[in-house]
Amino acid sequence: MIVVTGATGNVGRALVELLVAAGEDVVGVARHAPDGGLPGGAAFRAGDLGDPGGLKEVFAGGDAAFLLVAGDDPAAVVDAARSAGVRRLVLLSSQGAGTRPDAYAHAVAYEQAVRASGLAWTVLRPGGFASNAFQWAEGVRAARTVAAPFGDVALPAVHPADLAEAAAVVLRGDAHAGQVYELTGGEALTPRERVRVLADVLGEPVRYVEQSRAEAAEQLARFMPPPVLEATLGILGAPTGHERTPAPDLARLLGRPPRTFADWAAANADAFR
Ligand SMILES: NC(=O)c1ccc[n+]([C@@H]2O[C@H](COP(=O)([O-])OP(=O)(O)OC[C@H]3O[C@@H](n4cnc5c(N)ncnc54)[C@H](OP(=O)(O)O)[C@@H]3O)[C@@H](O)[C@H]2O)c1
């Protein structure tokens, strides 16, 4: 059985769907039960990675677990999985754990706990997600406008469905223990270019308005703690050469090029209509 934490999120939901379609026995985990259940009728268990006391039951029966970076005690989360009998851990970390370890200390600590687990572990380090453009949906629906900072800085956003596919490969295969994979999209696009792609998909003009750094910080502060906010603005505004460059691991794992931002926009166009 495979236990998928974050099972109602952009990556987790797609991962549950893929694993069920591949014939795996899957349990999805999140703090809140999903409306309408999980894809493929997968079982759901409520669990909070920030409250590891109850996690042993959450992982019970699992051979492999897909973990998110959440909660303050990664060693306790890993212990709960190990004592429940889990033998393989796949962690969805972040590219920032490699490129900005001080700012991503939380993800680094999770990676260390997973590496020290004594289990077969694999770390996935994604760059920014294409689905971060959901933040634009309200402005596009209301006024056909996107306000975002750093309009001319290009980054290779990754499609969550590709992350789910990569996670499924790693969870189901034996060749990935002890590996760290950096997962990005295959093309670096600026926010201005992404807005143009979205407009093409919608078949209507969408206006791009460049936010100042301070305006973007104010907006992001609503759902990000200060160190993560600073690091996020750092990546969006002044990425390193490495962060700007598409990484090869996703194409190697999937045996095909990564999905594009246009693919993501087409699959999620209804959110912008
Ligand atoms: N967005 C990016 O650009 C980016 C880049 C690099 C890495 N990441 C990492 O990727 C992860 C997954 O992204 P996503 O877009 O799939 O996330 P998402 O759509 O926001 O979904 C998060 C999922 O995790 C669950 N969750 C959150 N906190 C939890 C906790 N304490 N215990 C158990 N479940 C919890 C949520 O359900 P409940 O709220 O019901 O618990 C939900 O199922 C992020 O958490 C982040 O660490 C994201």
Side-chain angles (χ1 to χ4, degrees), residues 3-18 26-39 42 44-55 57-59 65-74 76-77 80-81 90-100 103-111 114 123-137 148 155-167 180-185 191 194 220 222-225 227-229 231-236 239 243 247 250 261 264 268 271:
V3 180
V4 175
T5 66
T8 56
N10 293 303
V11 178
R13 203 175 167 80
L15 176 57
V16 167
E17 189 165 4
L18 283 171
V26 182
V27 167
V29 177
R31 290 166 302 178
H32 310 94
D35 291 337
L38 289 174
F44 175 79
R45 290 180 189 161
D48 184 349
L49 296 173
D51 182 15
L55 288 181
E57 293 86 77
V58 165
F59 289 117
F66 176 73
L67 292 181
L68 297 181
V69 171
D72 295 328
D73 195 349
V77 173
V90 176
L91 175 69
L92 186 65
S93 177
S94 181
Q95 187 181 43
T99 57
R100 299 168 192 251
Y104 283 80
H106 195 200
V108 170
Y110 241 100
E111 291 191 3
V114 163
V123 169
L124 307 180
R125 286 182 173 170
F129 292 6
S131 48
N132 293 344
F134 277 134
Q135 289 167 47
W136 301 345
L155 287 167
V158 62
H159 196 312
D162 278 348
L163 295 177
E165 220 171 300
V180 177
Y181 294 124
E182 202 168 16
L183 304 177
T184 73
R194 269 178 255 160
L220 293 176
R222 288 178 213 148
F223 54 94
M224 277 182 193
V228 178
L229 185 156
T232 301
L233 288 174
I235 292 174
L236 295 178
E243 288 163 345
L250 191 50
F261 183 75
W264 181 86
N268 294 282

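Read the numbers this way: they start at 1 and go in the same order the structure lists the ligands and their atoms.
Near ligand 1, G6, A7, T8, G9, N10, V11, A30, R31, H32, G47, D48, L49, G50, L68, A70, L92, S93, S94, P126, G127, G128, F129, N132 each place a heavy atom less than 4.0 angstrom from the ligand.
Among pairs with a residue in residues 156-167, those fulfilling salt bridge (charged side-chain N to carboxylate O under 4.0 Å, His left out) read D162-R256, D162-R259, E165-R256, E165-R259, at least two apart in sequence or across chains.
Judged as a side-chain contact (heavy atoms from CB on, under 4.5 Å), and not counting sequence neighbours, the contacts of T232 are Y104, L220, M224, V228, L236.
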Using atom types as modelled, flag every donor-acceptor pair under 3.5 Å from a side chain in residues 90-99 to any protein atom, sequence neighbours excluded.
residue, atom, partner, partner atom, Å
S93, OG, E111, OE2, 2.6
S94, OG, G96, N, 3.4
Q95, NE2, E182, OE2, 3.0
T99, OG1, Q95, O, 3.4
T99, OG1, E243, OE2, 2.7

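The closest donor-acceptor contact from the side chain of H106 to the backbone of A70 lies at 3.5 Å or more, if one exists at all. Distance alone, capped at 3.5 Å, is enough to place a donor-acceptor pair between the R45 side chain and the E57 backbone.
Using a 4.5 Å heavy-atom threshold, the side chains of W264 and N10 count as separate.
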